[in-house]
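Notes follow the structure.
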Amino acid sequence: MTKILVIEDEQAIRLNLLKLLSAEGFETLGADNGDYGVELAQNEKPDLIICDILMPGLDGYGVLIALQQDLITATIPFIFLTANVDCSDVRHGMKLGADDYLTKPFTKAELLETITVRLQKQMLLRERYNLELKRTEALMEYLLRYDRLTNLPNRFLLQERFNQLVEKTDTTSQQIAILSLGLEQINQLNHTLGPASGDVLLQAVAERLLSRVGTQNTVTQVSGDQFVILLAKTERQEIAKMAKTLLDAFSFPFHLGTHEILLTAKIGIAVFGYDGRDLNTLIKHASAAREETKQPGKQPYQFYISAIGAKSEDALLLEMQLRQALERQEFQLYYQPKVNLLTGQIEGAEALVRWLHPERGLVSPAEFIPLAEKTGLILPLGEWVLRAACKQVRVWQEAGFPPLRVAVNLSGHQFNQPNLAPLVMKILNETGLDPSCLELELTESTLMKNPQAAIATLHELKSFGIRISIDDFGTGYSSLSYLTQFPFDVLKIDRSFVCQLVEDDKNTAITTAILQMARSLNLKVVAEGVETPGQLAFLQGQQCDEIQGYWFSPPLSADTFKEFLSTGKRLPLSNSEL
Ligand code: C2E
Ligand code: MG
Ligand code: MG
């Protein structure tokens, strides 16, 4: 039912309006002063607001200004009432963002007409907005899942299809296999023929592979000279047969203008469940098997033969050491500055955990966080990270540096632990850090484990004043419109798009689409992994809000970060300053 809010101090007029609108089938709300009107608008989110201009206390203009501050109330159609036929009143109201006005006294017909026109216009706007969102989404779906040169599915789509297959696998006789197909001369050829001819050759290769793999299987190019083929459930003999079929595809030459080019293909094979259970491991093992084909006397295709014993011992050792690392205080936090592109100032930092392993030196979180997740150690480790980061930022604030915001990453288990919000609040209280100085970074996969619970937790955290950002955006699998349900403040564009910006028009298109979408959702955008002035200039041109990356600074130890702050280094604001 359409909900209309009437803000009018004169009781007779207000009651009259409310009665009339109810009789027309609208749900109605009344406020007898401006402040209460704003409160009702924020809480009830009506579909339309009718508001008197002249009121004691907060007047109609004041109401309008207050409503403009909030993304949701700002878009509610606003009709104001004026007794003054003087058009300066009207002009002022419209300038502040009102949609229409009624001059008192007005007839019922005038009132209903004005309301209907506004509601229809609003509906059109909403439809157009949804359409735009859908279009951006469709474009992104394509850009995110396919390679534009070869039209082959990309790594993300490969991962999705792999996940789907794994979920459906039940029988043991049918196997999922990963084939790594390498073309030895292709990098060299690319060099001698030039990139344009190299591209044509790649397209021809892709076509040949596609014509042979069959529709239930997936071909992806994972690097310049390596293709990966995902074989849906087949028998072991069938896998070998497929490998031969694919090798056959290279038994006759490619014609490129006047050139005849013969490529040599080699294939390595890894089987799900035997040679690994996750895609990366399987690809790694398939590539290792492909290396084996280079040994004298070997077939041009090889199954992976694992050195399982040695590997699992190593993993067990690392797991044990990880357990002790917390007690032994082997973890450290590094801080990577985030800079505002408008002001050039450091706004905050992302806290990134490091493990100073007694023998191995610095171990990357990409290696030990998954292990910590698996073993449950992530809970105490995550708590330590959060406390250490809050404490550190508080120290910098007390040392007199401008207010900094610290971003802390939360992984799946951590975010989904019961009582996360109270724990975060407890840490903020203990360390004395203002909640508005804390930002929590989450990835799509973390939220998708239990979306309803995630939404509730996010609202709770946000109600404290904590900022929420979605990390590595673009690498997940969920749809854009689905994501809009989650109350984020910030969207971080994944490094994989940023690193190819400028050179690769596909990533440029994705980044532009993400920025447009984020703007329409009123999200701040942070680009991760900015490494070159070209990328920076592009992002500045696209009104990206913040950047983070080696170009400005790598992650720094707490001491170095403090020195860095002391130098007052800021970002050059325009191309000419670069
Ligand atoms: P992330 O949250 O996306 O963090 C950004 C990563 O990009 C960091 O890697 C950072 O060092 C790296 N990076 C920043 N600028 C550049 C650049 O210009 N070029 C390149 N090539 N890389 C850049 P790092 O520190 O290895 O962390 C990897 C991931 O580990 C993080 O990705 C985050 O997901 C996770 N992680 C790190 N610390 C924590 C933590 O305390 N808790 C949890 N749960 N996860 C963490
Ligand atoms: Mg992060
Ligand atoms: Mg990230």
Side-chain angles (χ1 to χ4, degrees), residues 322 325-326 330-339 346 348-357 361-393 405-417 420 423-424 427 438-447 449 467-476 488-502 507 525-536 539 546-558 560-561 571:
L322 187 65
L326 204 58
E330 289 169 2
F331 292 112
Q332 281 177 13
L333 279 190
Y334 271 52
Y335 297 86
Q336 185 172 36
K338 287 186 181 171
V339 227
I346 299 179
E350 176 171 7
L352 294 158
V353 68
R354 299 285 178 266
W355 179 12
L356 194 60
H357 190 286
L362 274 185
V363 184
S364 149
E367 197 174 332
F368 68 81
I369 293 285
L371 194 58
E373 273 273 300
K374 206 181 86 192
T375 55
L377 195 81
I378 192 72
L379 295 186
L381 173 60
E383 188 176 335
W384 177 85
V385 168
L386 197 60
R387 187 172 279 113
C390 292
K391 218 190 266 173
Q392 181 62 68
V393 172
R405 187 182 295 116
V406 68
V408 175
N409 294 284
L410 295 188
S411 52
H413 262 102
Q414 229 183 322
F415 179 72
N416 293 305
Q417 67 180 298
L420 171 75
L423 175 68
V424 173
I427 291 176
L438 177 65
E439 182 172 318
L440 296 175
E441 296 194 0
L442 303 155
T443 59
E444 283 168 57
S445 55
T446 295
L447 299 166
K449 281 186 190 127
R467 288 221 306 197
I468 307 291
S469 63
I470 177 149
D471 203 356
D472 304 343
F473 184 78
T475 61
F488 302 124
D489 305 286
V490 182
L491 184 156
K492 297 188 76 177
I493 303 181
D494 190 63
R495 199 172 74 217
S496 55
F497 301 119
V498 176
C499 72
Q500 296 283 337
L501 270 180
V502 194
N507 281 332
V525 181
V526 179
E528 301 184 295
V530 177
E531 292 183 352
T532 68
Q535 293 160 359
L536 176 71
L539 293 161
E546 279 177 38
I547 59 146
Q548 162 181 2
Y550 294 167
W551 191 79
F552 186 70
S553 165
L556 307 168
S557 70
T560 321
F561 188 85
L571 195 72

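Counting begins at 1 with the first residue of the sequence. Since we're looking at a predicted model, the values are computed, not measured. Atoms within a ligand are numbered from 1 in the order they appear, just like the ligands themselves.
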Inset, instruction - Specify whether an N/O/S atom of Asp472 falls short of 2.8 Å from the Mg ion (ligand 2). - result: no
Inset, instruction - Could you confirm whether Glu441 has any N/O/S atom lying under 2.8 Å from the Mg ion (ligand 2)? - result: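 Yes, within the cut-off.
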Inset, instruction - Can you tell me, to 10 degrees, how wide the angle at the Mg ion (ligand 2) is between OD1 on Asn409 and OE2 on Glu350? - result: 90°
So for [X], does at least one of its heavy atoms come nearer than 4.0 angstrom to any atom of ligand 1?
X	result
Pro555	yes
Glu373	no
Glu350	yes
Gln548	no

Measure the shortest side-chain to side-chain distance between [X] and [Y] over non-hydrogen atoms and say whether it is less than 4.5 angstrom.
X	Y	value
His357	Glu367	no
Glu439	Lys338	yes
Leu322	Phe331	yes
Val490	Ile468	no
Phe552	Leu571	yes
Val353	Trp384	yes
Asn409	Ile369	no
Ile427	Leu438	no

Inset, instruction - Of the side chain and backbone of Leu352, name the one, both, or neither that has a heavy atom under 4.0 Å from an atom of ligand 1. - result: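 The part of Leu352 near ligand 1 is both the backbone and the side chain.
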Inset, instruction - Have a look at ligand 1 and work out which part of Thr443, if any, has a heavy atom under 4.0 Å from it: side chain, backbone, both or neither. - result: neither
Which atoms from ligand 1 have a heavy atom of [X] less than 4.0 Å away?
X	value
Gln336	14 (C), 15 (N)
Glu531	17 (C), 18 (O), 19 (N), 20 (C), 21 (N)
Gln414	44 (N)
Arg495	6 (C), 7 (O), 12 (C), 13 (N), 19 (N), 20 (C), 21 (N), 22 (N), 23 (C)
Asp472	3 (O)
Val530	18 (O)

Inset, instruction - Looking only at distances, please establish whether an N/O atom of ligand 1 is found under 3.5 Å from an N/O atom of Trp551. - result: no
Can you figure out which of [options] has its heavy atom closest to [atom]?
atom	options	result
atom 42 (N) of ligand 1	Leu362, Val498, Asn409, Ile378	Asn409
atom 18 (O) of ligand 1	Tyr334, Phe415, Tyr550	Tyr550
atom 35 (C) of ligand 1	Pro365, Ser469, Ala527, Ser411	Pro365
atom 39 (C) of ligand 1	Leu333, Ile547, Val353	Val353

Inset, instruction - Mind telling me whether Trp355 and Phe368 have parallel, tilted or perpendicular rings, with 30° and 60° as the class edges? - result: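 Ring orientation, 0 to 90° scale: perpendicular.
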Legend entry - Matching residue for Pro555 among Leu352, Thr560, Leu333 - test: side chain to side chain contact (heavy atoms under 4.5 Å, CB included):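 Going through Leu352, Thr560, Leu333 one by one, the side chain to side chain contact (heavy atoms under 4.5 Å, CB included) with Pro555 is satisfied by Leu352 alone.
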Legend entry - Shortest non-hydrogen separation from Tyr335 to Pro337 and the atoms involved: O-CD, 3.7 Å
Legend entry - Qualifying residue, where the test is side-chain hydrogen bond (donor to acceptor under 3.5 Å, both in side chains) with Gln548 and the options are Glu350, Glu528, Arg495: Glu350
Legend entry - Flag, side chain of Gln535 to backbone of Thr532, donor-acceptor distance under 3.5 Å: yes
Legend entry - Asp471 atom (N/O/S) at minimal separation from the Mg ion (ligand 2): OD2
